[in-house]
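One structure below.
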Amino acid sequence: MIRSRHLFRAAALAVVAILASACGPALQPVNPAPVSDAAWPMPADVGGPDASAGGSSDSSCDPTASLSPAGASASSPSVAKIKARGKLIAGVDQTTYLFGFRNPKTGNLEGFDIDVVNQIAAAIFGSAEGHVQFRAIPSSQREQVLKDHQVDIVVRTYSITCARLKDVAFSSVYYVAGQKILVPKTSNAESLSDLKGKRVCATKQSTSLAKIATDPAHPTAVSVDNWSDCLIMLQQHQVDAVSTDDTILAGMAAQDPTVKVAGTPMTTENYGIGIPKDQPDLVRYVNSVLETTRSNGTWAASYQKWVGARLGPASPPSPKYK
């Protein structure tokens, strides 16, 4: 028995010796390969400037003048088609806090623009419940989904411009915003003129991107699909600022206490509801709904709920008709 134990112990020690010789000197630590700081991942489809985005420099028309709601009818062809379908199909944002975002607790879309969609659906069906099909789209697809009739309306912080009116129709103005900048609270920048050579983020095909790309200070325009991508890039120090409408920036500042909205408005952005160009009856009907929301306090209640505490008091813009 004792002899067997000695033989077993000897065999075990031999195995250990073989393994040790194969792995290198016993108890010798191995230095890991040097590792540099890992880079933050970039959002998908990050691009450069597009000076023609949104066509904000085109002044060949009065972009704020829409069709009068006179003669608007729920039995007109476009409205009747929506009613027969049982759903209003709306192109919206799901990434812009306060205007169009998905509530993480409920999974529902919420915000000022979402309220506008629900108000139109309620006018058509008597209630918006179960009668809205939201389609989340990036800002660069707003015109295309209307031209292709993939949606009935687009309500997505959508500035009316003469260039866009060549491809789609718009309702009367339902909200007026202004372009500012969003920077870290440690920054002294107040406008694009303070960001010469700096990287400034905006979404593709937006009037904000056009302003950045053509500004005399020559900041470096960085384009992304969604505004939430701009906020992420600012947080990761991949851009120095975000520049767009104060409405959108207010939502970013509400989400991140380390950033601030700075400066005075550089532009006037008149938001309208995008509608296919060949559906003037739907334009008139939507304008009639907007008239009601202005006069019955619905607009004011929605504004106060989502925006008032961050941007101060405001009244619904007065409509202008052709």
Side-chain angles (χ1 to χ4, degrees), residues 44-45 74 78-160 164 168-171 174-175 177 203-206 224-231 244-245 247-248 250-252 254-255 271-277 279 282-283 285-287 289-290 292-293 298-299 301-303 305-307:
D45 300 323
S78 299
V79 184
K81 182 179 179 180
I82 295 170
K83 196 164 187 176
R85 184 200 299 140
K87 289 185 181 295
L88 173 70
I89 304 175
V92 298
D93 193 359
Q94 65 173 355
T95 65
T96 299
Y97 186 53
L98 303 181
F99 269 73
F101 69 100
R102 194 170 295 280
N103 186 319
K105 293 182 179 179
T106 65
N108 296 329
L109 287 167
E110 298 180 1
F112 188 90
D113 278 349
I114 304 303
D115 284 357
V116 173
V117 174
N118 287 330
Q119 290 153 15
I120 296 170
I124 296 173
F125 299 103
S127 170
E129 187 69 30
H131 292 295
V132 180
Q133 180 180 328
F134 291 109
R135 176 170 177 180
I137 57 172
S139 60
S140 59
Q141 293 297 312
R142 290 177 294 195
E143 282 89 41
Q144 198 60 52
V145 295
L146 289 168
K147 290 164 68 175
D148 293 344
H149 291 274
Q150 296 177 15
V151 298
D152 300 310
I153 57 175
V154 168
V155 189
R156 195 189 186 287
T157 55
Y158 200 3
S159 297
I160 311 170
R164 288 171 174 166
V168 301
F170 280 95
S171 70
Y174 72 91
Y175 191 96
T203 58
K204 298 173 182 177
Q205 297 299 313
S206 66
V224 294
D225 285 332
N226 296 295
W227 288 115
S228 55
D229 294 331
C230 279
L231 178 58
T244 186
D245 307 345
T247 50
I248 299 170
M252 295 183 187
Q255 296 175 82
Y271 291 173
I273 298 167
I275 298 168
K277 199 171 181 65
Q279 295 182 349
L282 183 55
V283 176
Y285 186 82
V286 167
N287 281 340
V289 176
L290 292 178
T292 300
T293 64
T298 303
W299 188 98
S302 182
Y303 177 87
K305 177 180 179 180
W306 298 110
V307 191

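- Atoms CD1 and SG, from Ile248 and Cys230 in turn, are 9.5 Å apart once rounded to the nearest 0.5 Å.
- By the 30° and 60° cut-offs, the orientation of the rings of Tyr303 relative to Phe112 is perpendicular.
- Residues meeting the ring pair (Phe, Tyr, Trp, His ring centres under 6.0 Å) test with Tyr158, sequence neighbours left out: Phe170.
- Note that the OG1 atom of Thr247 and the CE atom of Met252 stand 9.5 Å from one another [nearest 0.5 Å].
- Ring geometry for Tyr175 versus Tyr271: interplanar angle under 30°, hence parallel rather than tilted (30 to 60°).
- Among all heavy-atom pairs drawn from Lys87 and Phe125, the shortest one is N-CZ, 3.6 Å.
- Two residues are said to be in side-chain contact when any heavy atoms from C-beta on lie closer than 4.5 Å; Asn118 and Val132 meet this criterion.
- Every residue two or more places apart in sequence or in another chain was checked for a ring pair (Phe, Tyr, Trp, His ring centres under 6.0 Å) with Phe134, and none qualifies.
- Taking Thr293 as the reference, nothing meets the side-chain hydrogen bond (donor to acceptor under 3.5 Å, both in side chains) condition, with sequence neighbours excluded.
- Aromatic pair Phe101/Trp227: ring centres not closer than 6.0 Å.
- The two atoms that bring Asp245 and Ser159 nearest to each other are OD2-OG, 4.3 Å, heavy atoms only.
- Applying the salt bridge (Lys or Arg N to Asp or Glu O under 4.0 Å) definition to pairs two or more places apart or across chains, those involving residues 149-158 are Arg85-Asp152, Asp93-Arg156.
- Here the straight-line distance linking atom NZ of Lys305 with atom CG of Leu98 works out to 11.5 Å at 0.5 Å rounding.
- Minimum interatomic distance between Asn226 and Thr203 (heavy atoms only, all atoms of both residues): C-CG2, 3.6 Å.
- Not a single side chain to side chain contact (heavy atoms under 4.5 Å, CB included) links Lys277 to another residue, sequence neighbours left out.
- Residues passing the side chain to side chain contact (heavy atoms under 4.5 Å, CB included) test with Asp148, sequence neighbours excluded: Gln144, Gln150.
- Applying the ring pair (Phe, Tyr, Trp, His ring centres under 6.0 Å) rule to Tyr285 yields no partners; only residues at least two apart in sequence or on another chain are considered.
- The two atoms that bring Leu282 and Ile153 nearest to each other are CD2-CG2, 4.4 Å, heavy atoms only.
- The shortest side-chain heavy-atom distance between Ile273 and Leu290 falls under the 4.5 Å cut-off.
- Between Ser139 and Lys204, the shortest heavy-atom contact is OG-O, 3.0 Å.
- Applying the salt bridge (Lys or Arg N to Asp or Glu O under 4.0 Å) test to residues at least two apart or on different chains, the pairs with a partner in residues 132-145 are Glu143-Arg164.
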Would you please test Val79 and Ile124 for side-chain contact (heavy atoms from CB on, under 4.5 Å) and show each step?
CA-CA 8 Å; Val79 184; Ile124 296 173; 4.2 Å; yes
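- For residues 101-115, no pair satisfies salt bridge (Lys or Arg N to Asp or Glu O under 4.0 Å), with sequence neighbours left out.
- With sequence neighbours excluded, the residues satisfying side-chain hydrogen bond (donor to acceptor under 3.5 Å, both in side chains) with Asn287 are Ser66, Ser172.
- Not counting sequence neighbours, Ser228 has no partner by the side-chain hydrogen bond (donor to acceptor under 3.5 Å, both in side chains) test.
- Under the side-chain hydrogen bond (donor to acceptor under 3.5 Å, both in side chains) criterion, Ser171 pairs with no residue at all, not counting sequence neighbours.
- Summarising the geometry of Leu88 relative to Ile120, their closest heavy-atom pair is CD2-CG2, 4.0 Å, with the distance given to 0.1 Å.
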